[in-house]
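Sharing a structure below in structure tokens format, with a few things to ask.
When a ligand or atom number is given, it counts from 1 through the structure's own listing order.
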Amino acid sequence: MCSAMEVPVDIKILIIDFLDSYTWNIPAFLRDSSEKRIECEVVDFRQCKPTSIDEHIRGYDGIILSPGPGTVENPDDLGPYAPALLEHTSDIPILGVCLGFQAICNAFGGSVQRLSEPHHGIVADLVDGHGRLLGRKATRYHSLEAHLDDAATKQLEVLAYAHNMDGSRSVMEIRHRARPIWGVQYHPESVCSLRCAEVVRPFLDAAYQCSSQRRQTKAGMLSPPYTPPMVASGGPDQDVRLATQNVTWEKLALEIDLLEVVRQKIEVEDEFVFLESGAKGRWSILVAAATSWQLAYNVDRQTCTRTGELNDGSKPQYKQIPLDSVWDLLNSSLNHTQYSGGPDGVPFWGGFVGYFSYELGLSQLGLNPYPVQSQVDEKYSHANPDIHLLFANESILYDKETRSVYLMSLRNDQSWLQATRGMLIEVAQAQKKPVRTIIKAPRIDSASEQWYLDKVRQSQEHIKAGNSYELCMTAPSRCKLDCCDASSMPAADLFHTLRSQNPTEFMSLLRLGNIDFVSASPEEFMSFDARTKIATISPIKGTVPKVASDGQRITLQEAETELESMKIRAENRMIVDLTRNDLSKVSSNVTCRKLFQVDELETLYQLVSTVAADVDPGHNAIDVLRSSFPPGSMTGAPKRRSCEILQQLEEGPRGLYSGLVGFIDVRGNCRTSVSIRNAVKYPNEDCWRIGAGGAITSMSDPHEEWLERTLKAQSVLKAFKPKHQVLETMLWSPERGLVFWQEHMKRLFNSLRFFAFTLPGHTGSGAGRSEASQLERMSSLLHSYVLVSLEGLHKNSSYRISLSIDSDGRPSTKFVKLPALSSLTPVNVYLDPHTGDDFDQLAPFIAHKTTNRAHYESARARVGAQGRDEVLMFRRCSTESLLTEGSYTNVSVMIPGEPQLVTPAFGCLPGIERERLLREGVLVEGTIRREDLRPGMKVKLFNSVRGMFGGIIVAN
Ligand SMILES: C=C(O[C@@H]1C=C(C(=O)O)C=C[C@H]1O)C(=O)O
Ligand SMILES: NC(=O)CC[C@H](N)C(=O)O
């Protein structure tokens, strides 16, 4: 559209772009409004000097002054060109849209002032001077309005108005009484404007007349055609590929969870990318660095590093290049070889997988990605790449639908195929690895509510001033994790949990350059089908929780009603128009496929729209990414100015959050997601970062925005919460009430502190209280809680009471009536054959009583223990196997020549009864070895519910 066309052109229009995010929608709107063949060129206003005016008048048939951020009074926003053009006495037709309209009003005696309330993304009915409907619907994006006094209306005639939310009215359309100049305050090119073609027709007719004259008198355009910011890349269309190669592949009918491959076969330090469609999606893709080469780029230093065996035969290298050259490099890497013979319908044959950071997007917009070289910035810019991609020579795909695995090799690597096949079969048959990483409640440090409310208000100030129409404000939470199992990958365990809590269509787990990244993104960024050349972007804007702040569940129907609100639709509409704009840079046929569709996720409802583009010949997936990155849903509109404002408001770079994750395969297919709802662990920080935010508009309620941010952050933070509860089991008897209550409370308190759980009844104001008073407070609270729960039970028998506390300090209880048991018959006691090599990993769950009791259950199962049968367990200590405890008791043994021994505290639960017996001198701590125990031996078993009873060791 903006490059020279083969067919002769009727009208040539020059569009002066004031850096808006809607300017590129204007050419399509003009084409749709007229039968004539219209060619548009878009030029950045900063490149236009008053001295170019004569040349423009000679070369074009009409000039459009675009919308834009800021005000016409600010020379940085408008520049000198537009006022000079309006002053010029030529009769070239001019159309001003929004900011352009305000420039016209200003030039002819009007004034531009703030509206009482900004109107962004609001659709209004246009009326004439008498209030009569004109039948046109107009989408408005403005904070400022033009006032025309008598002097001004002598030159400018008002053609239409719209009513504002406060009942006043604003001028919407004008025309110059003597010159071919028109202006519209609204955006006729918006997806929701209706029947606006008639408004631009007079301008186009005048331009057509002008073009006839130009054709008679002039040869045509004098200025060189404007090069759009994004250049055609020489993608797969132009056949410049140097080599051809067959893809080698294999399909295995094998049901497998590729996450288990990561957890069992990838070493903690290895780099890899794992993409998984958790919800409706179908495919999972696993790429290991071992079978890839890598490309990393840092925008701040402009350094590009390629490592590994490159597929274009060049040598690994490290060099300094501008961002533009990196896009070229990506193109040439993908286009070097033409691959064929891979399976149809399989989305990825091999190629790039990885991430782009948000700062890469800022750089793409021409902004300084790290304006403040603060300490945080240093960490990011110097240590972490902004593009990190693996070029997968080999990859493993899983198809959920046919339950089969695809092994793909671009290099016909038979030994890889064979080894991988064997490895997958082994993993598919092996038991799943239990999740053990996260044991302690994390310490979470989030932006304070006050800070956020303040930033929301500042955002709204910027909007009122006309600098932005919508700002996607975000803030990170930081979360420290204590892990107990060094052999397992915390990121993989987090992913495992996140997937079970919140499976989304764009799950991902990556480890690249020592960055760990775990994501459950619901939002598709850009997908491109190289065969049909259709690109789609599906921005989400508008979020409603599933549970309201008062605890009420919100139904889908209620959410739909809320998501129909003017505020939310406006929010979404703004980004739909912005997305159309971005795609219009590479396509002359952009359509909005879905507008305002409600999507239901695990914890929230969201409003999604889909914009699709038939990408023009000569452009490929990389060009589409270039023209549309960073994702508009994470910036607001207009994109560039909004990003600049957000850089001032937010403290520090966003990093991987707000960027993209996904793949571009060797055929040019691309599928990426907006990098949200994720946790990132940077190598130079000791915590995980969880970014979250939301779009702020003039209609936002700051407190609601804070709740929305919290909700989004929680959807990830939830995965960091321990899943076990701390547990106490105790006896209640009619005679003695709650037996050993103080002792149980003391032990519970210690365990809650160990796991960093919230103490029951802790309101956050407990800081400064002594431990003794915290314990006292918890104890009295839980005492009443248990007694209240006991009400209604038959009080003439004894009960075993289980009291458990979750990581948020919430208690729950269970009661079991205790049958009277004979203490005379000894119970059968088995010896666990297990060597106890995993003792260190389990230690916290042995030293503390929790609901994580799988290891006790497994030991019972191993020996086939029934009912009151007990199993004695062991731990490995160099070459010896030492007794620890039973599955529900502590144990003591009489070894000839020794006192009654009980295993040392390290290695068993510090049982209440055990402590008592030790205090009273009945027992002495000592080491008991496996070989000290023989079938037929008597042992003593005890716990606080049953006291002490006898057992006899039997052969397994
Ligand atoms: C900013 C986030 O989400 C973005 C903002 C949304 C909104 O404003 O409604 C919805 C989805 C995302 O595009 C986030 O999840 O952190
Ligand atoms: N869309 C626009 O061009 C907006 C113009 C101006 N910045 C305003 O807010 O009124």
### Query
What is the closest protein heavy atom to atom 2 (C) of ligand 2, and at what distance does it sit?
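Result for atom 2 (C) of ligand 2: Cys98 SG, 2.8 Å.
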### Task
Would you kindly specify which portion of Phe18 sits under 4.0 Å from ligand 2, judged on non-hydrogen atoms: side chain, backbone, both or neither?
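Looking at Phe18 and ligand 2, no heavy atom falls under 4.0 Å.
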### Query
Within the structure, does Gly68 bring an N/O atom to less than 3.5 angstrom of an N/O atom in ligand 2?
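By distance alone, the answer is yes.
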### Stepwise side-chain hydrogen bond (donor to acceptor under 3.5 Å, both in side chains) check, Thr474 with Glu650
CA-CA 7 Å; Thr474 76; Glu650 296 178 3; 3.1 Å; yes
### Task
Describe, in one word, how the ring planes of His120 and Tyr469 are oriented to each other, choosing from parallel (under 30°), tilted (30 to 60°) and perpendicular (over 60°).
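Judged by the thresholds at 30° and 60°, the geometry between His120 and Tyr469 is parallel.
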### Query
Does any N/O atom on Gly694 come nearer than 3.5 Å to any N/O atom on ligand 1?
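Looking only at distances, the answer is no, because the N/O contact criterion of under 3.5 Å is not met.
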### Task
Would you mind listing which atoms of ligand 1 come within a distance below 4.0 Å of any non-hydrogen atom of Gly542?
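In order of numbering, the contacting atoms are 7 (C), 9 (O).
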### Query
Would Arg169 count as a cation-pi partner of Tyr161, with NZ or CZ less than 6.0 Å from the six-membered ring centre and within 45° of the ring normal?
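Output yes; distance and angle both within limits.
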### Task
Report yes if some N/O of His187 lies less than 3.5 Å from some N/O of ligand 2; otherwise report no.
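Yes; at least one N/O pair falls below 3.5 Å.
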### Task
Compute whether any side-chain donor of one residue and acceptor of the other, for Ser628 and Asp582, lie under 3.5 angstrom apart.
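Distance-only check fails for Ser628 and Asp582.
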### Query
Do any nitrogen or oxygen atoms of Thr543 come within less than 3.5 Å of a nitrogen or oxygen of ligand 1?
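Yes - when backbone and side-chain N and O of Thr543 are compared with those of ligand 1, one distance drops under 3.5 Å.
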### Task
Calculate, to the nearest 0.5 Å, the distance between atoms CG and CD1 belonging to Leu14 and Ile64 respectively.
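It is 9.0 Å, given to the nearest 0.5 Å.
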### Query
Going by the order shown, which atoms of ligand 1 are within less than 4.0 Å of some heavy atom of Ser633?
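Taking each heavy atom of Ser633 in turn, ligand 1 has 13 (O) under 4.0 Å.
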### Proximity to ligand 1 by part of Ile540, non-hydrogen separation under 4.0 Å
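Answer for Ile540: both.
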### Message
One pair to check against side-chain hydrogen bond (donor to acceptor under 3.5 Å, both in side chains): Arg457 and Ser700. What are the steps and the verdict?
### Response
CA-CA 9 Å; Arg457 292 197 187 99; Ser700 290; over 6 Å; no
### Query
Taking the six-membered ring where the residue is Trp, are the ring centres of Tyr657 and Tyr358 under 6.0 Å apart?
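Ring centres of Tyr358 and Tyr657 not closer than 6.0 Å.
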### Message
The test is side-chain hydrogen bond (donor to acceptor under 3.5 Å, both in side chains); show your working for Ser193 and Thr139 and say whether it passes.
### Response
CA-CA 5 Å; Ser193 291; Thr139 307; 3.2 Å; yes
### Query
Which atoms of ligand 2 sit under 4.0 Å from any heavy atom of Tyr141?
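By the 4.0 Å cutoff, the relevant atoms are 1 (N), 2 (C), 4 (C).
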### Query
With atoms numbered from 1 as shown, which atoms in ligand 1 lie under 4.0 angstrom from a non-hydrogen atom of Ala695?
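Listed by number with element: 8 (O).
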### Test item, Glu145 contacting ligand 2 (heavy atom, 4.0 angstrom)
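No, Glu145 has no heavy atom closer than 4.0 Å to ligand 2.
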### Query
How far is atom 6 (C) of ligand 2 from its nearest protein heavy atom, and which residue and atom name does that atom have?
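For atom 6 (C) of ligand 2, the nearest protein heavy atom comes out as Gly70 O, 3.4 Å.
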### Message
When you measure from the heavy atoms of Tyr22 to every atom of ligand 2, does any distance fall below 4.0 Å?
### Response
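Checking ligand 2 against Tyr22, which is what was asked, there is no heavy-atom contact under 4.0 Å.
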### Query
Any nitrogen or oxygen of Gln102, main chain or side chain, under 3.5 Å from a nitrogen or oxygen of ligand 2?
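The answer is yes, given that Gln102 and ligand 2 share an N or O pair closer than 3.5 Å.
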### Message
Show the atoms of ligand 2 that are less than 4.0 angstrom away from any heavy atom in Pro67.
### Response
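Numbered from 1, ligand 2 contributes 1 (N), 2 (C), 3 (O).
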### Task
Determine, considering heavy atoms only, which of Gly691, Gly693, Ser675 sits nearest to atom 2 (C) of ligand 1.
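Looking at heavy atoms only, the winner is Gly693.
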### Message
Can a side-chain donor-acceptor contact be found between Glu449 and His703 if the only test is distance below 3.5 angstrom?
### Response
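Distance-only check passes for His703 and Glu449.
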### Identified side-chain hydrogen bond (donor to acceptor under 3.5 Å, both in side chains) partner of Ser170 from the options Glu145, His142, His119
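One option only clears the test, and that one is Glu145.
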### Query
Has ligand 2 got any nitrogen or oxygen that is less than 3.5 angstrom from a nitrogen or oxygen of Thr71?
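So ligand 2 has no N or O lying under 3.5 Å from an N or O of Thr71.
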### Query
Angle class for the Phe18/Phe45 ring planes (parallel below 30°, perpendicular above 60°, tilted otherwise)?
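Rings of Phe18 and Phe45: tilted, as their planes differ by 30° to 60°.
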### Query
In terms of residue, atom name and distance, what is the protein heavy atom nearest to atom 5 (C) of ligand 1?
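Looking at atom 5 (C) of ligand 1, the protein heavy atom closest to it is Lys541 NZ, 3.0 Å.
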### Message
Using a 4.0 Å cut-off to any heavy atom of Glu708, which atoms of ligand 1 qualify?
### Response
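Per the distance check, 7 (C), 8 (O), 9 (O).
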### Query
Looking at Gly466, which atoms of ligand 2 are within less than 4.0 Å of one of its heavy atoms?
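That gives atoms 7 (N), 9 (O) of ligand 2.
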### Query
When you look for heavy atoms under 4.0 Å from ligand 2, do you find them on the side chain of Pro69, its backbone, both, or neither?
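Backbone only.
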#### Entry: Any donor-acceptor pair under 3.5 Å from Glu359 side chain to Gly655 backbone
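Yes: the side chain of Glu359 pairs with the backbone of Gly655.
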### Query
ring-ring contact (aromatic ring centres under 6.0 Å, His included) between Tyr355 and Phe517: does it pass, once the steps are laid out?
CA-CA 10 Å; Tyr355 72 79; Phe517 175 91; 7.3 Å; no
#### Entry: Proximal atoms of ligand 1 relative to Glu523 (non-hydrogen, under 4.0 Å)
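Once the distances to Glu523 are compared, the set is 11 (C), 12 (C), 13 (O).
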### Query
What's the verdict on side-chain hydrogen bond (donor to acceptor under 3.5 Å, both in side chains) for Asp20 and Ser66, showing C-alpha distance, side-chain angles and the deciding distance?
CA-CA 7 Å; Asp20 200 51; Ser66 91; 5.9 Å; no
### Task
Please work out which of Arg677, Met634, Arg709 has its closest non-hydrogen atom nearest to atom 11 (C) of ligand 1.
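Looking at heavy atoms only, the winner is Arg677.
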### Chi angles and distances behind the ring-ring contact (aromatic ring centres under 6.0 Å, His included) call for Tyr22, Tyr141
CA-CA 10 Å; Tyr22 302 137; Tyr141 291 115; 4.5 Å; yes
### Message
Under 4.0 Å from a heavy atom of Tyr657: which atoms of ligand 1 are those, numbered in the order shown and with their elements?
### Response
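Answer, ordered by atom number: 1 (C), 2 (C), 14 (C), 16 (O).
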### Task
Look at atom 10 (O) of ligand 2 and say which protein heavy atom is nearest, naming residue and atom and giving the distance to 0.1 Å.
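Checking every protein heavy atom, the shortest distance to atom 10 (O) of ligand 2 gives Leu144 N, 2.9 Å.
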### Task
Return the residue, atom name and 0.1 Å-rounded distance of the protein heavy atom closest to atom 9 (O) of ligand 2.
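Result for atom 9 (O) of ligand 2: Ser143 N, 2.9 Å.
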#### Entry: Heavy atoms from other residues, nucleotides or ligands near NZ of Lys594 exceed 12 (cutoff 6.0 Å)
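No, the 6.0 Å shell around NZ holds no more than 12 heavy atoms from other groups.
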#### Entry: For Ala692, the ligand 1 atoms whose distance to one of its heavy atoms is below 4.0 Å
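Going through ligand 1 atom by atom, the ones under 4.0 Å from Ala692 are 16 (O).
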